[in-house]
Amino acid sequence: MSAPEQKMELVQGTLDMLILKTLSGGAKHGYAIVRRIQEASRGLLRIEEGSLYPALHRMQRRGWLASEWGVSESNRKAKYYRLTPAGREQLEREIASWNRLVEAISQVLTGAAMEA
């Protein structure tokens, strides 16, 4: 498998952020969330159902998501998830935290933090 074809492991704690970001564009059912993350990552990120649905339920318990039943594109009954105001605030916090982490790692990789 060449480098572009390799699947990447999610960094611990990033699944919630990816789901919240995906739902910031509007309500989606589980399969649509998975498909959107795969498309946005050009197939590099793969979310398994065994990780997705527990995360969705956990985020719903925390008040970050709300859900309702609807009909999918394939005319099947599906639960649609959407962000709540608390979910939008959590997404902002997670993005800010992610950006700080990326900056810190970048500084270590470029040696900036070592020179100080």
Is there a path of hydrophobic side-chain contacts, each under 4.5 Å between heavy atoms of I/L/V/M/F/W/Y residues, joining [Y] to [X]?
X	Y	answer
Trp98	Met59	yes
Leu56	Trp69	no
Tyr53	Tyr80	no
Val102	Leu20	yes

Discussion item. Can a side-chain donor-acceptor contact be found between Gln90 and Arg93 if the only test is distance below 3.5 angstrom?
Written reply: yes
Decide yes or no for [X] and [Y]: does some side-chain heavy atom of the first lie under 4.5 Å from some side-chain heavy atom of the second?
X	Y	result
Arg82	Ser67	no
Gln60	Tyr81	yes
Lys77	Val71	no

Is it the case that more than 12 heavy atoms not belonging to [X] sit under 6.0 Å from its [atom1] atom?
X	atom1	answer
Asn75	CG	no
Glu49	CD	no
Lys79	NZ	yes

Practice prompt. Mark yes or no for whether Thr110, through its side chain, and Ser106, through its backbone, hold a donor-acceptor pair below 3.5 Å.
Written response: yes
Worksheet item: Looking only at atom types and distance, does a side-chain atom of Ser51 sit under 3.5 Å from a main-chain N or O of Ile47, one as donor and one as acceptor?
Response: no
Looking at every heavy atom in both [X] and [Y], which two are closest together, and how far apart are they?
X	Y	value
Ile37	Ile19	CD1-N, 4.4 Å
Asp16	Ala55	OD1-CB, 4.0 Å
Ser24	Leu83	CA-CD1, 3.6 Å
Ser72	Ala78	CB-CB, 4.1 Å

Reported [atom1]-to-[atom2] distance for the pair [X] and [Y], which is rounded to 0.5 angstrom:
X	Y	atom1	atom2	value
Glu94	Leu18	CD	CG	9.0 Å
Leu91	Lys21	CG	NZ	6.5 Å
Met17	Thr22	CE	OG1	10.5 Å
Thr84	Glu89	OG1	CD	8.0 Å

Worksheet item: According to the interplanar angle, ranging from 0 to 90°, do the rings of Tyr31 and His29 count as parallel (below 30°), tilted (30 to 60°) or perpendicular (above 60°)?
Response: parallel
